[in-house]
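A short worksheet on the structure shown next.
First listed ligand is number 1; within each ligand, the first listed atom is number 1. Only this structure's heavy atoms are used, side chains among them; waters, hydrogens and symmetry mates stay out.
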Amino acid sequence: MPLVTTKEMFEKSMKEKFAIGAFNVNNMEIIQGIVDAAAKENSPVILQASSSAIKYARIPYLRKMIEAALEEHDIPIALHLDHGPDFETCKMCIDNGFTSVMIDGSKYDFEENVALTKQVVDYAHSKGVVVEAELGKLAGIEDDVNVADADAMYTDPEQAREFVERTGCDSLAIAIGTSHGAYKFKGEAKLRFDILHKVKELIPNTPIVLHGASTVIPELVDLCNNNGGNIPGAKGVPDEMLHQASIEGVSKINVDTDLRLAMTGAIREVFNSNPEVFDPRKYMLPARDLIEKTVSHKIRDVFGSSNKA
Ligand code: G3H
Ligand code: 13P
Ligand code: ZN
């Protein structure tokens with residue numbers, strides 16, 4: 001089937017209470033690992049590329065590799081721009097076949113974010129493309145941030161309702177305590193499910209997105225560290241919390257860091273135990289396999305999207 005937008009998969013996710021994994025892609029092995037897992041699980045999937053991933057892989061390559069995935073597999077796949085920084089980047093992706101774009105106006109004040117998001121929504125909708133927007137700040141919320149500052153970072157549910165009404169965005173990323181990368185929490189992991197519940201109460205028909213949602217899987221961190229890596233004290237969002245989020249109103253869960261750890265860990269292990277290896281297929285194959293295994297686990301055991309294609 002051709003690329004799809006996220007509209008139908010999100011409708012199903014809200015009705016049947018599961019989440020769809022949105023996985024960041026940069027190269028062929030990552031794309032193959034993700035779509036092979038999604039196809040085996042018979043799950044819809046979102047492949048997303050950031051503007052730096054686009055710069056690295058280049059749009060024609062990304063597009064053609066994803067076309068190849070569509071040729072091989074009969075599951076719903078959406079191609080999404082992750083963290084679109086401005087109107088021009090969103091337009092470039094829309095004009096190049098992306099079916100979904102994110103405009104990340106979270107760095108601006110509320111009114112500027114509304115205006116920029118609305119501009120992208122108007123263009124995207126005229127081309128049949130859907131738009132994810134963001135409200136709230138995802139900056140790492142650490143133990144030593146005072147309560148007032150931390151509260152200012154979380155999404156305000158009332159503002160979320162006004163934002164969606166005024167922009168017409170199709171989905172909304174909210175800040176409830178996650179952050180990007182491998183160091184999300186200093187102490188215990190904590191998410192503000194109360195904010196998620198309030199947002200879902202006020203805008204029940206808007207699909208909600210969770211960024212910064214890697215588990216930072218301890219086995220993958222150990223695989224890196226035991227093979228010459230140096231990633232001490234890394235910590236992410238536990239599987240149980242992500243599962244809770246997926247049944248309590250989150251429709252899209254973003255994962256990049258866990259894929260980076262899987263790829264790096266697998267490659268490090270080959271290099272460490274077989275220093276004579278220099279054929280890239282000898283280390284890219286285990287890397288692709290570990291990405292597939294990681295994605296399968298998330299789809300099947302955490303997000304609940306198996307057999308929802
Ligand atoms: O949220 C950011 C994603 O992990 C993409 O990161 O901009 O380094 O490609 P990147
Ligand atoms: P992680 O860094 O937790 O994988 O988050 C990825 C993300 O939010 C991409 O937009
Ligand atoms: Zn993100």
Side-chain angles (χ1 to χ4, degrees), residues 6 19-27 29-31 33-34 45-59 61-62 78-86 89-90 93 98 100-107 113 131-142 153 155 169 171-185 189-191 207-218 220-221 224 231 233-239 241-243 245-246 250-265 290-291 294-295 297-299 302-303:
T6 51
I20 293 138
F23 301 98
N24 285 73
V25 300
N26 298 289
N27 66 20
E29 285 76 10
I30 297 175
I31 293 172
I34 297 165
V45 72
I46 299 166
L47 300 178
Q48 57 186 13
S50 66
S51 48
S52 55
I54 289 170
K55 203 167 160 202
Y56 172 79
R58 309 203 287 268
I59 275 215
Y61 289 84
L62 282 174
L79 175 56
H80 173 75
L81 167 66
D82 190 28
H83 292 285
D86 47 39
T89 309
C90 291
C93 289
F98 282 54
S100 173
V101 292
M102 174 189 191
I103 176 66
D104 183 355
S106 63
K107 55 188 171 295
N113 192 357
V131 178
E132 173 185 324
E134 179 165 332
L135 191 63
K137 296 211 182 339
L138 233 67
I141 294 169
E142 297 187 326
M153 292 176 183
T155 303
C169 65
S171 59
L172 186 69
I174 61 170
I176 59 168
T178 60
S179 60
H180 292 108
Y183 300 93
K184 302 189 191 299
F185 304 100
K190 192 174 176 305
L191 294 190
I208 298 303
V209 179
L210 203 55
H211 281 251
S214 276
T215 303
V216 189
I217 299 171
L220 298 181
V221 175
C224 292
I231 318 169
K235 196 172 209 173
V237 187
D239 278 354
M241 282 190 187
L242 295 171
H243 181 66
S246 73
V250 168
S251 287
K252 174 175 179 271
I253 297 185
N254 283 13
V255 177
D256 189 358
T257 297
D258 279 334
L259 304 186
R260 296 179 180 194
L261 290 170
M263 177 157 253
T264 303
L290 194 52
I291 285 181
T294 304
V295 171
H297 162 67
K298 288 180 184 289
I299 286 177
V302 188
F303 304 164

Practice task
Write out the residue and atom name of the closest protein heavy atom to atom 7 (O) of ligand 1, then the distance separating them to 0.1 Å.
Solution key: Ser52 OG, 2.9 Å
Completion exercise
Quick note on ligand 2: atoms under 4.0 Å from a heavy atom of Val255 include exactly 4 (O)
Handout entry: Polar atom proximity, Ser214 to ligand 2 (N or O, under 3.5 Å)
Key = yes
Problem - Atoms in ligand 2 flagged as close to His180, the criterion being non-hydrogen separation under 4.0 Å - result: 2 (O), 5 (O), 6 (C), 7 (C), 8 (O), 10 (O)
Problem - Subset of ligand 2 atoms that lie under 4.0 Å from at least one heavy atom of Lys184 - result: 1 (P), 2 (O), 3 (O)
Exercise for the section: Report yes or no: does a heavy atom of Lys55 sit under 4.0 Å from some atom of ligand 1? Expected result: no
Problem - For atom 5 (C) of ligand 1, the protein heavy atom that lies nearest, with its residue and separation - result: Asp256 OD2, 3.3 Å
Practice task
Verify the neighbour count for atom NZ of Lys55: are there more than 12 heavy atoms of other residues, nucleotides or ligands below 6.0 Å?
Solution key: no
Exercise for the section: Could you check which N/O/S atom of His211 is closest to the Zn ion (ligand 3)? Expected result: ND1
Problem - Numbering as shown, the atoms of ligand 2 that approach Gly212 to under 4.0 Å (heavy-atom distance) - result: 1 (P), 3 (O), 5 (O), 7 (C), 8 (O)
Completion exercise
Note: Met102, heavy atoms under 4.0 Å from ligand 1, region reported as neither
Problem - ligand 1 versus Asp82: contacting region, heavy-atom distance under 4.0 Å - result: side chain
Exercise for the section: For His211, take its heavy atoms, then give the atoms of ligand 2 lying under 4.0 Å from any of them. Expected result: 8 (O), 10 (O)
Practice task
Number the atoms of ligand 2 from 1 as they appear, then name those within less than 4.0 Å of a heavy atom of Gly181, with their elements.
Solution key: 2 (O)
Problem - Asn24, portion touching ligand 2 at heavy-atom distance under 4.0 Å - result: side chain
Completion exercise
Honestly, for Ala213 the part within reach of ligand 2 (heavy atoms, under 4.0 Å) is backbone
Problem - Contact with ligand 2 for Arg260, non-hydrogen, under 4.0 angstrom - result: no
Fill in the blank from the handout: Logged contact type for Asn24 with ligand 1, heavy-atom cut-off 4.0 Å, is side chain
Handout entry: For His83, atoms of ligand 2 separated by under 4.0 Å from a heavy atom
Key = 10 (O)
Completion exercise
Checking heavy atoms under 4.0 Å, the part of Asp82 that sits near ligand 2 is side chain
Problem - For His180, atoms of ligand 1 separated by under 4.0 Å from a heavy atom - result: 1 (O)
Problem - Flag, side chain of Ser214 to backbone of Asp258, donor-acceptor distance under 3.5 Å - result: yes
Handout entry: Candidate with minimal heavy-atom separation from atom 9 (O) of ligand 1, of Gly212, Ala53, Gly181, Ser50
Key = Ser50
Handout entry: Angular separation of His180 NE2 and His83 NE2 about the Zn ion (ligand 3), given to 10°
Key = 100°
Problem - Shortest heavy-atom approach to atom 8 (O) of ligand 1 - which of His211, Arg260, Gln48 - result: Arg260
